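Okay, so here's the structure we're looking at.
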Amino acid sequence: MRASGALHCGAVRTRRRGRAETTEMGNREEAEIQISELDLLSSMFPYEEEFVVTDQLAVAELKHYAENESAEMPSSKVQFVLNVKPEVTNASMVEFSMACALPFKYPTVLPEITVRSSALSRSQQIHLNSDLKTYLMQNCSGEPCMLSAREWVKDHAAAYIDKEHSSSSVTTSNAMQSEDNTFTRLWIYSHHIYNKQKRKNIIDWAKELSLSGFCMPGKPGVVCVEGLQSSCEEFWSRVRRLTWKRILIRHREDVSLEGGGHAEIQKQRKFSTLEEKCFDAHGARGNHMDLGQLYHFLEEKGCADIFQMYFGVEGH
């Protein structure tokens with residue numbers, strides 16, 4: 001009986017190990033499919049105004065995982081933006097932005113896609129995204145589908161504007177202001193921030209654009225800016241044009257403003273102004289900050305969860 005029991009336990013362990021190996025193999029296959037699809041998108045849409053990966057670190061982790069059997073699962077999803085410019089009535093051009101994230105199990109599970117446009121009202125945006133998800137569930141489950149999703153948006157998105165709004169120039173100009181009804185917070189990661197002129201630019205541009213937040217120089221460099229969506233986009237556009245070893249948006253938060261007034265904007269802020277924060281600099285060049293102090297600073301501001309997104313470990 002004991003021998004039989006031992007054999008049974010061994011068989012169970014073997015089956016479990018087999019299932020784990022099968023799952024691991026499936027995960028790597030999914031990672032390889034994601035990398036292939038990203039390469040395809042990059043070759044089809046080589047310009048940043050069409051396609052941009054917002055988290056290069058996640059892509060590097062994904063490639064490392066796919067190529068190394070001993071590598072651990074990536075700590076964050078691959079995120080990117082596809083911009084689409086379909087023709088709408090009376091020859092005006094409206095841009096649609098597809099903010100995309102690929103879950104680790106994609107394409108076994110559907111991608112996370114949010115379509116936005118300054119020309120869409122909130123209800124139109126919700127309706128469009130709901131219909132896109134329905135289309136993907138019915139047509140693309142289990143298969144790479146980013147190109148199909150982009151084509152669907154290109155073919156159908158403009159109709160969601162026409163459903164509730166006329167195409168008059170007055171309506172269009174009013175709709176273009178809707179991005180100023182969104183409060184945005186960008187969490188930016190840089191390999192390092194040493195240069196005094198760059199640090200000055202970050203503070204000056206934030207002040208000019210009425211953005212609050214903080215900048216932690218050193219290695220790594222951390223920048224957080226918050227304010228109206230259009231101002232955050234302008235800030236990021238300027239910063240990314242500077243020369244960096246590596247810089248990317250690690251995380252982004254968007255909140256719809258009820259009235260869009262000054263009081264509502266101030267209510268959403270976690271920081272009163274933008275200032276440079278140094279936390280007991282140390283190291284040979286005095287360029288490494290005390291990350292424990294950074295964690296406590298973020299915790300005080302109600303942003304402790306961001307620490308793990310930056311550094312892959314929980315703060316304490």
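Just the heavy atoms: all of them, side chains too, but no hydrogens, waters or symmetry mates, feed the values below. Bear in mind that the values here come from a model prediction, so they are computed numbers and not experimental data.
- Under the 4.5 Å side-chain criterion, counting only non-hydrogen atoms from C-beta, Cys100 is not in contact with Pro111.
- Atom CD of residue Glu50 and atom CG of residue Leu41 lie 11.0 Å apart, to the nearest 0.5 angstrom.
- Without hydrogens or angle criteria, His156 side chain to Trp152 main chain gives a donor-acceptor distance under 3.5 Å.
- Linking Ile, Leu, Val, Met, Phe, Trp and Tyr residues whenever their side-chain heavy atoms come within less than 4.5 Å places Tyr106 and Val115 in a single cluster.
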Start with the C-alpha gap between Phe51 and Val81, add the side-chain angles, then the distance that decides, and say whether side chain to side chain contact (heavy atoms under 4.5 Å, CB included) holds.
CA-CA 6 Å; Phe51 169 67; Val81 175; over 6 Å; no

Test side chain to side chain contact (heavy atoms under 4.5 Å, CB included) applied to Ile247 and His191, step by step
CA-CA 7 Å; Ile247 193 165; His191 179 271; over 6 Å; no

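- The closest side-chain heavy-atom distance from Val255 to Thr182 is not below 4.5 Å.
- Within the model, atoms CD1 of Ile161 and OG of Ser117 stand 5.0 Å from one another, a figure rounded to the nearest 0.5 Å.
- The backbone N or O of Ser75 sits less than 3.5 Å from a side-chain atom of Glu61, completing a donor-acceptor pair.
- Side-chain atoms of Glu72 and Tyr65, non-hydrogen and from C-beta on, never get closer than 4.5 Å to each other.
- Here SG of Cys215 is found 6.5 Å from CD1 of Ile203. Values are rounded to the nearest 0.5 Å.
- Smallest separation of non-hydrogen atoms from Phe80 and Val53: CB-CA, 3.8 Å.
- Atom CD of Glu143 sits in a sparse spot, with 12 or fewer heavy atoms from other residues, nucleotides or ligands closer than 6.0 Å.
- Closest of all the heavy-atom pairs between Leu211 and Cys232 is CD2-SG, 3.8 Å.
- Under a hydrophobic clustering in which Ile, Leu, Val, Met, Phe, Trp and Tyr are joined whenever their side-chain heavy atoms come within less than 4.5 Å, directly or via other members, Met137 and Met98 fall into the same cluster.
- The heavy-atom pair separating Phe307 from Leu294 by the smallest distance is CE1-CD2, 4.4 Å.
- Minimum interatomic distance between Pro103 and Ala101 (heavy atoms only, all atoms of both residues): CD-O, 3.4 Å.
- Panel note: side chain Ser43, backbone Leu40; a donor-acceptor pair is recorded below 3.5 Å.
- Remark: Asn68 pairs with His64, Ala71 by the side-chain contact (heavy atoms from CB on, under 4.5 Å) rule, at least two apart or across chains.
- The closest side-chain donor-acceptor pair between Glu253 and Thr184, if any, does not fall under 3.5 angstrom.
- Rounding to the nearest 0.5 Å gives a distance of 10.0 Å between CD of Gln79 and CG of Leu248.
- A continuous path of Ile, Leu, Val, Met, Phe, Trp and Tyr side chains, each step under 4.5 Å between heavy atoms, connects Ile193 with Ile249, placing both in one hydrophobic cluster.
- Inter-residue side-chain proximity for Asn27 and Lys105 is flagged as met; some heavy-atom pair is nearer than 4.5 Å.
- Residues Glu208 and Arg238 are in side-chain contact: their nearest non-hydrogen atoms beyond the backbone lie under 4.5 Å apart.
- Here the side chain of Thr108 pairs no donor or acceptor atom with the backbone of Gly142 at under 3.5 angstrom.
- Between Ser190 and Lys219, the closest side-chain pair of non-hydrogen atoms is not below 4.5 Å.
- In terms of the side-chain contact (heavy atoms from CB on, under 4.5 Å) criterion, residue partners of Lys270 (sequence neighbours excluded) are, by chain and number, Arg185, Glu226, Cys303.
- Put simply, CG on Leu298 and CD on Gln293 are 12.0 Å apart, with the number rounded to the nearest 0.5 Å.
- Leu147 approaches Glu37 most closely through the heavy-atom pair N-OE2, 4.3 Å.
- In the model, Asp55 has no side-chain atom that pairs as donor or acceptor with a side-chain atom of Tyr189 under 3.5 Å.
- Between Phe104 and Glu30, every side-chain heavy-atom pair lies at or beyond the 4.5 Å cut-off.
- Put simply, the side chain of Ser231 never gets that close to the backbone of Gly227: no donor and acceptor are under 3.5 Å apart.
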Would you please test Leu82 and Val52 for side chain to side chain contact (heavy atoms under 4.5 Å, CB included) and show each step?
CA-CA 7 Å; Leu82 281 165; Val52 59; over 6 Å; no

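- Panel note: side chain Ser121, backbone Gln124; a donor-acceptor pair is recorded below 3.5 Å.
- Side-chain contact annotation: Arg122 with Ser256, donor-acceptor N/O pair under 3.5 Å present.
- One finds a salt bridge joining Lys77 and Glu112 here, because a Lys/Arg side-chain nitrogen approaches an Asp/Glu carboxylate oxygen to under 4.0 Å.
- Within 6.0 Å of CD in Gln266 there are more than 12 heavy atoms belonging to other residues, nucleotides or ligands.
- The two atoms that bring Cys224 and Phe271 nearest to each other are SG-CE1, 3.8 Å, heavy atoms only.
- A cation-pi arrangement is found for Lys198 relative to Trp244, the charged atom lying closer than 6.0 Å to the ring centre and inside a 45° cone about the ring normal.
- The backbone N or O of Ala206 sits nowhere less than 3.5 Å from a side-chain atom of Ser210 that would complete a donor-acceptor pair.
- Salt bridge annotation for Glu48-Arg240: present, with a cationic side-chain nitrogen under 4.0 angstrom from a carboxylate oxygen.
- Between Arg252 and Asp254, at least one side-chain nitrogen of the basic residue sits less than 4.0 Å from a carboxylate oxygen of the acidic one, meeting the salt-bridge criterion.
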Verdict with supporting geometry, Ile202 and Leu274, side chain to side chain contact (heavy atoms under 4.5 Å, CB included):
CA-CA 9 Å; Ile202 287 169; Leu274 190 137; 4.3 Å; yes

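- Judged by the 6.0 Å and 45° rule, Arg116 forms no cation-pi pair with Phe96.
- Relative orientation of the Phe297 and Phe214 rings is perpendicular, given thresholds of 30° and 60° on the angle between their planes.
- For the atom pair CZ (Arg241) and CG (Asn201), the distance works out to 12.0 Å, reported to the nearest 0.5 Å.
- Hydrophobic cluster membership is shared by Val225 and Leu242, with clusters built from Ile, Leu, Val, Met, Phe, Trp and Tyr side chains linked at under 4.5 angstrom.
- Counting only heavy atoms from C-beta outward, the side chains of Met216 and Cys278 never approach each other to under 4.5 Å.
- Under the 4.5 Å side-chain heavy-atom criterion for Ile, Leu, Val, Met, Phe, Trp and Tyr, Met146 and Leu38 are members of the same hydrophobic cluster.
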